[in-house]
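This report refers to the structure that appears directly beneath it.
Protein chains get the first letters and strands the later ones, always in sequence-line order, with residue 1 at the start of each. The figures that follow rest on heavy atoms only: side chains count, while hydrogens, waters and symmetry mates do not. Remember, it's a predicted structure, so these values are computed and weren't measured experimentally.
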Amino acid sequence: MKKDNFNQKCLNKLHLIPKGMVTTYFEIANSLNSKGYRAVGNAMANNPHPITTPCHRVVRSDGTIGEYSYSSGIKTKIKLLKEEGLLIQNNKIINFKSKLFKFNSTS
DNA sequence: AGTCGAGCGCGCA
DNA sequence: TGCGCGCTCGACT
């Protein structure tokens, strides 16, 4: 299905994120040359492989965790991010800006 | 500074 | 066929 292009691209981008780093839906959507920020989040929610797809490394533009539908919810997402070396407090990433990973979009 | 609405792309009813 | 969603930004108040 070619319609998976967007969806697949979003997931593919996640694989580019190194461990200990995070990105935002905005960066992904922007990297895809699209304005479907919501579509990106939706792609994560409907990702075909939530395990192979580090969707937990994707957070909101404010550094907040946002939501998570995979395991126990945000709890697991935070835990995973913490395990990756990120500082999270009150469901929000502390050094988010320092760990924010950006894609090579015509830098 | 805070609140509201619009916009994207796919999935499901 | 139509609406909602793991969102974001811009504009108005």
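- The C1' atoms of B:dT3 and C:dG6 are separated by 23 Å, rounded to the nearest whole Å.
- In this structure, A:N7 places its CG atom 18 Å from P of C:dC5, rounding to the nearest Å.
- Rounded to whole angstrom, the span from the OH atom of A:Y37 across to the P atom of B:dA6 amounts to 17 Å.
- Across all strands shown, A:D62 has no heavy atoms under 4.0 Å from either base or sugar-phosphate atoms.
- Remark: side-chain polar atoms of A:K77 are paired, donor with acceptor, to backbone N or O of A:V58 under 3.5 angstrom.
- Across every strand in view, C:dG6 sits unpaired, with no contact that passes the Watson-Crick or G-U test at under 3.5 angstrom.
- Whole-Å rounding puts the A:L11 CG to B:dG9 P distance at 16 Å.
- Taking atom CD on A:E67 and atom C1' on C:dG4, their separation rounds to 14 Å, with Å as the unit.
- For the C1' atoms, the distance linking C:dC3 with B:dA6 amounts to 15 Å, nearest Å.
- Checking C:dG6, B:dG9, C:dC9 against every side-chain atom of A:F6, the shortest atom distance belongs to B:dG9.
- To the nearest angstrom, P of C:dC5 lies 18 Å from CG of A:N47.
- The side chain of A:A39 lies closest to B:dG9 when the candidates are B:dG11, B:dG9, C:dG6.
- The nucleotide B:dA13 finds its pairing partner in C:dT1, both defining distances of the Watson-Crick or G-U wobble pair being shorter than 3.5 Å.
- A donor-acceptor contact under 3.5 angstrom links the side-chain atoms of A:R38 to the base of B:dG7.
- Distance from the side chain of A:S34 is smallest to B:dG9 among C:dC9, B:dG11, B:dG9.
- At a cut-off of 3.5 angstrom, the base of B:dC10 holds at least one donor-acceptor pair with the side chain of A:N42.
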Mind running side chain to side chain donor-acceptor pair (under 3.5 Å) on A:K13 and A:T23 for me, showing each step along the way? CA-CA 10 Å; A:K13 289 278 176 186; A:T23 192; over 6 Å; no
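- A straight line from NZ of A:K75 to C1' of C:dG6 spans 18 Å, rounded to a whole angstrom.
- Of the possible polar contacts, one joining the A:N46 side chain to the A:N42 backbone as a donor-acceptor pair under 3.5 Å is found.
- Side-chain proximity of A:Y25 to C:dC7, B:dC8, B:dG9: nearest is C:dC7.
- Ring geometry, A:Y68 versus A:H56: the interplanar angle exceeds 60°, so the pair is classed perpendicular (tilted spans 30 to 60°).
- Side-chain nitrogen and oxygen atoms of A:R60 include at least one within less than 4.0 Å of the OP1 or OP2 phosphate oxygen of C:dT8.
- Screening A:N47, A:L80, A:L11 against A:C55 for a side chain to side chain contact (heavy atoms under 4.5 Å, CB included) leaves a single residue, A:N47.
- Between A:S61 and the phosphate of C:dC9, there is a side-chain N or O to OP1/OP2 separation shorter than 4.0 Å.
- Atom NZ of A:K35 is separated from atom P of C:dC9 by 10 Å (rounded to the nearest Å).
- Interface remark: the A:S69 side chain does form a donor-acceptor pair with the C:dG6 base, using a distance-only criterion of under 3.5 Å.
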